[in-house]
Amino acid sequence: MHLPKMKIGDVCFRFDQLDSTMNFCARLAELNYPEGVAVLAEEQTAGRGTKGRTWHSARGKGLYVSFLLRPEPAHLNHIPLLAGLASREAIKHLTDLEIRLKWPNDLVFEGKKLGGILCEASSAGEKAAVILGIGLNVNHAPEDFPEEIAGLATSLAIISGRTQDKEILFDFLGKSLQLWYNTLIEGQVTEIIKSYKEYLSFSLGQRLLVEATAGKRIEGFFVDIDQKGGLILKVGQETRAFYSSEIIKIFS
Ligand code: BTN
């Protein structure tokens, strides 16, 4: 068992503007920084989302942060799940809102996207690292979102009707991430998966459409999240596990 020496988020690099907090954090990994260090930016000019997408990062509106972690390789798939749990808790502390988790990377409220998680592995430096990026829509007004996602995205300010404090959110997020990360390195994967399943944005037996690999869409019924963090669906007569996939549609 190894416990992190530095608490997550206790040391942070803050920028007015960066291309992406992922890039700066990856440089820290190359320089052998210890795990736990955080990189924050008020604005990103080349924010990245999953599947090669852009993460539009309106200046001063969102929490844009990357954390350097050095988990065991077997735990790589668990990082987005525990980041989802920690983000959910931080939002609950700050606003009392109950958000849901759309496997594996999305934070949603009533079907609209409130934030996203991006994990990138880095083999540079002496010990393999994961850069965990979290983007939360905090004080966005509807017009702060680009037109193509305006109908699909929301923010804490839009939902709660008031401006929210990003600093308090960041503080809660670091603390909550630390607790879930400790749970992971103590080997309690079952507990992480159990909690993650409690907050999913869909239920047992619900029909889902997933993009299994680029361009390959499969429909199935939700069965479980397995111990490796995979989505288990009943597809026809088969039970199939999906790992690097994305949910395209949740049928009501
Ligand atoms: C997604 O596509 O849902 C994941 C979005 C992740 C965005 C965050 S913002 C902080 C960090 N820096 C980036 O460039 N991306 C992540």
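In listed order, ligands and their atoms are each counted from 1. Counting from 1, the numbers follow the sequence of the chain as shown.
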Within a 6.0 Å radius of atom NZ on Lys51, are there more than 12 heavy atoms belonging to other residues, nucleotides or ligands?
yes
Tell me every residue that passes side chain to side chain contact (heavy atoms under 4.5 Å, CB included) with Ile168, counting only those two or more places apart in sequence or in another chain.
Leu94, Asp165, Phe172
Residues Asp226 and Ala241: closest non-hydrogen pair is OD2-CB, 4.3 Å
N/O pairs closer than 3.5 Å, ligand 1 and protein:
| unit_1 | atom_1 | unit_2 | atom_2 | d |
| --- | --- | --- | --- | --- |
| ligand 1 | 2 (O) | Thr50 | N | 2.8 |
| ligand 1 | 2 (O) | Thr50 | OG1 | 3.2 |
| ligand 1 | 3 (O) | Lys113 | NZ | 2.6 |
| ligand 1 | 12 (N) | Thr21 | OG1 | 2.9 |
| ligand 1 | 12 (N) | Gln44 | OE1 | 2.9 |
| ligand 1 | 14 (O) | Ser20 | OG | 2.7 |
| ligand 1 | 14 (O) | Gln44 | OE1 | 3.4 |
| ligand 1 | 14 (O) | Arg48 | N | 2.7 |
| ligand 1 | 15 (N) | Arg48 | O | 2.7 |

Using a 6.0 Å cut-off, check whether atom CZ of Phe202 has over 12 heavy atoms from anything other than its own residue.
yes
Should Asp19 and Gln44 be marked as a side-chain contact (heavy atoms from CB on, under 4.5 Å) after you check the CA-CA gap, both sets of side-chain angles, and the distance that decides it?
CA-CA 5 Å; Asp19 52 355; Gln44 300 183 111; over 6 Å; no
In terms of side-chain heavy atoms, does Glu246 have a donor or acceptor partner in Trp103 at a distance below 3.5 Å?
no
